[in-house]
Amino acid sequence: MNRLGKFLQIDRRWIFLAILIAVLAPFIWPMGLPIVITKPVQDLYNAVDAIPPNGEPLFISIDYSPSTVPELDPMALAILRHAFSKDIRVAVLTLDPAGYGLAERALEAVAAEFGKERHKDYVFLGFQPGISAVVLGMGINIRNVFPEDAYGTPLSEVPMMEGIRNYDQIPLLITLSGTAVVEAWVIYAHQPYDAQIGAGVTAVMATDYYPFLDTGQLVGMLGGMRGAAEYETLIDRHDAGVRGMDSQSVIHILIIVLIVVGNIAYFGSRKRAPETAGGDAAA
Amino acid sequence: MRRHVPLALCFIAGVFMAIQYFIPHPSVQAWYERLLAWLQTLLAFAFLIGTVSLVRLHAHKIGHKVAGRGYSWVLFVGLGLMVGFGFKGRAPGSPFDFMFQNVQVPIEGTMFSLLAFYIASAAFRAFRARTLEATLLLLAATIVMLGRVPVGDLLHRSIPAATDWILNVPNMASKRGIMIGVGLGMMATALKIMLGIERAWMGGTD
Amino acid sequence: MRGATGFSRRTRPVGGPTIVTATLAALLLFPAALPAQEPEAPAPVAAIAPPAGVLAVDSPDDRGGSVDVSWDLSPDDAEGRVLCYRIYRSAHPDTGFAPVGLVAPGVSRFRDSAAPDGTPLHYRVAVSDGEREVFSASFGPVEALPQWFHRGRITVLIASLGFVVAIVYFVRAAKAGKDLFIRRLAGLDHMDDAVGRATEMGKPILFISGLSTISDVATIAAVNILGEVAKKTAEYNTRLIVPCADPIVMAVEQEVVKEAYAKVGRVDAYNEDDVFYLTRSQFAYVAGVSGIMVRQRPATILYMGMFYAESLVLAETGASVGSIQIAGTDAVTQLPFFITSCDYTLIGEELYAASAYLSREPVLLGGLKGQDMTKAAIGLAIVLGAISATLAALGVIPWDFVARVLVNA
Amino acid sequence: MNMTLIGTTLAALLTIAVYSFLYKDNPFYKFAEHLVVGVSAGYYLVIYYYNFIDPTVVSPVFRLRIGGDAILLGGVDWWMALIPGLLGLILYARFFPKIGWVSRWALGIYVGGYSGLGIAPVMQARVLDQIRGGALPVHALHTGQGWTNLLLVVGLLGTLTYFFFSLKHKGVLGGLARIGIVFIMVGFGASFGYTVMSRVSLLIGRMNFLLHDWLRIV
């Protein structure tokens with residue numbers, strides 16, 4: 001085995017260490033790199049911004065679980081802050097059981113920040129199982145699937161829900177999700193009932209939904225922590241999203257360097273000794 | 001009874017749910033709403049089956065003194081605590097919420113972040129431009145990775161623009177093609193299940 | 001093309017969540033609030049002109065209880081003298097009119113969604129300048145009725161029926177023994193080579209069928225491919241190791257491998273312990289399989305089936321021990337990692353096609369063929385659509401054929 | 001020491017226990033892994049029960065609380081609540097080998113119902129709307145938009161052709177498939193970049209938690 005081949009077989013824990021340093025350093029020495037706004041984010045922001053204050057509520061469906069919190073929680077907080085700062089009413093629900101605790105925490109925290117009143121300015125509808133059944137059910141009558149809010153108050157006794165029957169009275173519904181739930185909203189709410197759907201998704205899912213953006217099946221989209229950072233920039237309130245962007249920059253560059261160096265070493269070692277595949281692996 | 005009834009129920013429920021989409025008449029829609037509510041209930045019950053299986057699996061491990069059964073006890077303690085706390089109250093600040101926010105959220109969140117390390121290691125040791133296809137893929141990936149972080153804007157103004165182009169043109173064209181293909185696959189599977197051609201859901205052979 | 005986004009919007013029924021309706025929502029809830037504005041002084045200006053051309057029709061494609069009312073705006077609307085339009089309904093042409101709704105100036109449509117079914121109804125539209133209301137002539141009778149068919153969804157119906165026919169026809173044809181052509185995929189040659197290589201090197205082959213259950217289409221495809229691979233390893237007397245993440249998948253795979261060994265008459269070479277259950281837990285599975293890779297140094301690793309985040313770690317370890325790696329999955333998010341770290345990858349439907357090609361299972365073959373034919377029709381529709389859109393854009397034909405056909409919803 | 005600090009410290013220690021897997025598999029990691037499986041199963045159980053089973057099945061049937069809740073079941077009598085409840089219960093027959101087959105009745109309705117529900121909307125959203133979105137006018141090739149449209153149409157046709165198995169990839173078809181694979185690879189490149197970004201974001205989020213929420217050094 002030649003030296004390049006050996007180099008490729010270094011203990012991968014050295015690489016783990018490099019990543020750890022790359023993620024930590026920018027937290028300690030922030031660079032404050034500027035963030036440019038992209039169109040899907042601007043579109044979603046505009047759609048929220050156009051909702052009249054103290055009228056029909058913005059619906060936010062917190063459809064994510066703890067495993068994607070770092071990407072999606074900043075989005076939830078930024079959108080809630082945007083809505084409450086403009087006195088837009090908000091109804092929050094979740095189609096993921098694990099979203100229950102996450103939604104409740106985010107909603108109560110931001111509502112307290114803005115001094116908003118439960119049932120007048122916001123309502124938490126809680127969780128209902130059966131994704132497509134819930135989405136379709138809301139098209140007939142929200143009360144069919146959410147007869148009461150998460151704390152047992154019948155929707156008929158929630159003042160802000162008066163006259164809100166189905167998607168016709170929902171100016172915009174934003175789903176925040178790390179799974180294909182987004183598609184369920186497109187297929188079962190937009191398609192049959194013409195509901196306006198916006199999405200915040202993990203970066204993993206983002207590229208798959210570009211066709212939906214193009215056809216207007218989604219009005220706008222936030223993709224990953226970067227999308228959250230853009231939204232934070234738009235509402236001028238920097239938080240976890242913006243704070244993470246410096247680390248993101250550094251790690252991306254590190255990974256690109258690793259790909260390039262790895263390929264050079266790989267092809268270099270093969271040119272000289274094509275049979276060296278193998279060797280002693282680490283870990 | 002064992003095969004024909006379930007297949008018939010499957011067929012009837014499937015065909016009804018498929019054709020109601022085209023029939024707005026209330027006599028049909030009322031049954032649609034009813035069936036929709038039933039499906040929702042069934043889904044909730046079906047979810048709990050997973051929990052029952054989990055409990056059985058680990059009870060078996062403890063019962064048969066399998067190595068590492070101590071961890072099965074850990075699992076049961078977690079489960080027992082949550083159920084016990086949960087029936088007492090679930091409001092923010094309750095013990096139930098405390099466990100969720102400080103045990104479930106951090107562990108599940110951290111599990112997936114392990115992958116950031118593995119991606120870096122794979123970047124060095126596995127991602128190879130062996131073929132023209134893989135080369136194209138890696139090139140596009142590099143541009144997108146640069147174009148979606150602030151540093152890309154600083155390196156060159158055209159990088160974010162190139163990223164947008166990749167996302168909006170080649171990415172969209174190919175993802176649209178895949179979306180159509182996968183959509184056909186989804187419909188074909190649904191159809192085969194309804195018509196009883198595909199019976200894997202019944203399990204077993206009797 | 002961005003204009004295409006307008007199509008779905010345009011079809012929104014009256015009363016959608018526009019800013020106008022939202023601001024008026026409060027007023028609608030308290031219909032009495034508005035006319036209560038008492039005239040304070042006699043108006044010196046000329047009387048406001050009533051709306052003309054009132055038209056009421058049963059709302060199409062609905063479950064009944066709804067009538068669409070439309071009218072021509074009052075000539076005074078453009079001058080900003082109109083405060084609102086109020087819509088009245090009665091069971092009689094001349095008397096008994098009661099208000100049913102209110103819309104903003106500039107709006108000339110209203111959906112009365114509280115209309116009783118099956119009774120003759122009459123409508124009037126009044127225009128208000130804040131001081132008085134001037135009524136239009138009444139229009140009627142009209143009846144609100146539920147419909148038995150949603151005409152806007154006829155395209156979907158036709159397309160769905162076409163698809164059903166294609167799938168059913170080809171599955172039946174395949175079952176009847178008709179020879180359906182599927183092209184051989186390049187990936188299958190690679191798989192043969194990889195098995196051959198393992199034989200030459202005297203090292204085992206590792207087959208990993210993902211983390212999913214047996215009801216997953218991808219797992220079924222993987223099992224079919226495993227059967228074919230097992231036949232080859234039995235012939236060449238190469239060891240085949242299959243660590244499973246699901247006990248039922250394991251049971252099925254043991255059966256399939258055993259059968260394959262029996263088919264080539266090598267049942268004695270089959271070792272049941274080589275097809276075994278590891279664990280269901282994702283990361284523990286990774287740790288277990290990585291250990292096997294490092295210890296056994298397989299010549300070839302096949303990843304077939306449904307994969308999640310573990311794909312990356314597995315493929316990396318496989319690459320680092322120098323194995324030839326071939327993957328096949330329909331997990332779109334994992335495909336990029338397989339493509340860059342494996343020597344060959346079956347992408348999405350190619351996995352099903354490979355499985356159908358190898359197994360000649362009529363259901364798989366017929367389903368694939370039916371989808372293929374639909375795909376051809378879709379391709380044709382896109383070509384025709386692009387041509388007609390181009391001609392429309394150039395002004396050669398008056399409208400875009402595809403838009404008209406598809407957007408009647 | 002208040003509850004918030006205790007909670008954050010517990011969360012931080014568990015986070016570190018999971019990261020210890022990077023060094024090698026160890027009991028701390030295994031402890032955290034099993035703990036979370038138990039805790040999340042308990043969490044789901046409670047949430048499902050209180051948000052769904054209790055208000056829709058238990059309450060209407062056992063407390064005969066009709067009215068508000070019965071709306072959920074299509075506005076029918078309370079006994080209608082029994083049907084889905086019973087169907088739900090017979091799903092559990094699978095745990096008793098002798099009557100296991102009964103569970104298939106409920107499963108049949110469930111699997112069939114969900115299958116049927118999807119067909120038409122999927123046809124609309126994933127097929128017809130995408131044909132509409134993909135059939136673009138390809139004129140004005142002197143403009144950027146004209147070329148973009150051409151690329152979008154050709155790329156889409158190429159992708160479809162690549163996944164077309166009924167004919168050999170030769171001639172025009174072969175050419176289209178070659179174009180298709182190029183588009184597919186660039187599209188996958190975008191997914192690759194975004195997936196990397198996603199995983200990195202999760203790591204950053206956890207580091208933000210450790211440094212900002214726990215240690216408060218940033």
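Just so we're on the same page: letters track the sequence lines, and every chain starts at 1.
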* Asked: Which is it for A/Ile19 and D/Val200 under the side-chain contact (heavy atoms from CB on, under 4.5 Å) test, yes or no, and what are the steps along the way?
  -> CA-CA 10 Å; A/Ile19 286 290; D/Val200 170; over 6 Å; no
* Toward chain D, the part of A/Pro154 with a non-hydrogen atom under 4.5 Å -> neither
* Using the side chain to side chain donor-acceptor pair (under 3.5 Å) rule, take D/Gln130 and A/Gln217 through it: C-alpha gap first, then chi angles, then the decisive distance, then the call. => CA-CA 10 Å; D/Gln130 300 314 323; A/Gln217 289 163 294; 2.9 Å; yes
* To do: Examine whether an atom of A/Ser156 lies under 4.5 Å from a heavy atom of chain D, and if so say whether it belongs to the side chain, the backbone or both; otherwise answer neither.
  => neither
* So which of A/Ala203, A/Pro70, A/Pro211, A/Pro192 has the biggest tally of heavy-atom pairs under 4.5 Å with chain D? -> A/Ala203
* Structure fact -> Answer key: most heavy-atom pairs under 4.5 Å with chain D among A/Ala206, A/Pro30, A/Ala98, A/Gly126 is A/Ala98
* When you measure from the centre of the six-membered ring of D/Tyr23, is the NZ or CZ of A/Arg13 under 6.0 Å away and within 45° of the axis? -> yes
* Asked: Looking at A/Arg143 and A/Glu148, does any basic side-chain N land under 4.0 Å from a carboxylate oxygen?
  -> no
* Structure fact -> Answer key: most heavy-atom pairs under 4.5 Å with chain A among D/Tyr19, D/Phe209, D/Phe192, D/Tyr194 is D/Tyr194
* Options D/Asn208, D/Thr195, D/Leu203, ranked by heavy-atom pairs under 4.5 Å with chain A, top entry -> D/Asn208
* Select one option (side chain, backbone, both, neither) describing which atoms of A/Gln248 are under 4.5 Å from chain D's heavy atoms. => both
* Asked: What orientation do D/Tyr48 and A/Phe127 show, parallel under 30°, tilted 30 to 60°, or perpendicular over 60°?
  -> perpendicular
* Residue among D/Asn26, D/Thr15, D/Asp25 satisfying side chain to side chain contact (heavy atoms under 4.5 Å, CB included) with D/Ser20 -> D/Asn26
* Asked: Among A/Pro129, A/Ala133, A/Ser247, who wins on heavy-atom pairs under 4.5 Å with chain D?
  -> A/Pro129
* Part of D/Leu211 lying under 4.5 Å from any heavy atom of chain A -> side chain
* To do: Against chain A, work out which of D/Leu117, D/Leu202, D/Val122 has the most heavy-atom pairs shorter than 4.5 Å and name it.
  => D/Leu202
* Output the option from A/Gly137, A/Gly224, A/Ser132, A/Ala228 having the highest count of non-hydrogen pairs under 4.5 Å with chain D. => A/Ser132
* Any luck finding a side-chain donor-acceptor pair between A/Asp246 and A/Trp29 under 3.5 Å? -> no
* Asked: Where does the angle between the aromatic ring planes of A/Tyr100 and A/Phe124 fall among parallel (under 30°), tilted (30 to 60°) and perpendicular (over 60°)?
  -> tilted
* Below 4.5 Å from any heavy atom of chain D, which atoms of A/Ile187 appear? Answer side chain, backbone, both or neither. => both
* Using non-hydrogen atoms and a 4.5 Å limit, figure out which bit of D/Tyr114 sits close to chain A: side chain, backbone, both or neither. => side chain
* Asked: Is it the backbone or the side chain of A/Ile140 that comes under 4.5 Å from a heavy atom of chain D, or both, or neither?
  -> neither
* A/Tyr64 and its side chain to side chain donor-acceptor pair (under 3.5 Å) partner, picked from A/Asp96, A/Thr202, A/Asp73, A/Thr175 -> A/Asp73
* **Max heavy-atom pair count under 4.5 Å with chain D, selected residue of A/Asn141, A/Leu20, A/Leu24, A/Val186** => A/Leu24
* Start with the C-alpha distance between A/Glu183 and A/Tyr188, add both sets of side-chain angles, then the distance that settles side chain to side chain donor-acceptor pair (under 3.5 Å), and finish with yes or no. => CA-CA 8 Å; A/Glu183 214 180 310; A/Tyr188 298 113; over 6 Å; no
* Region of A/Phe16 that comes under 4.5 Å of a non-hydrogen atom in chain D -> side chain
* To do: Among the options D/Ser201, D/Ser191, D/Pro121, pick out the one with the most heavy-atom pairs lying under 4.5 Å from chain A.
  => D/Ser201
* Hey, is the main chain of A/Val134 close enough, under 3.5 Å, to the side chain of A/Gln128 for a donor-acceptor pair? -> no
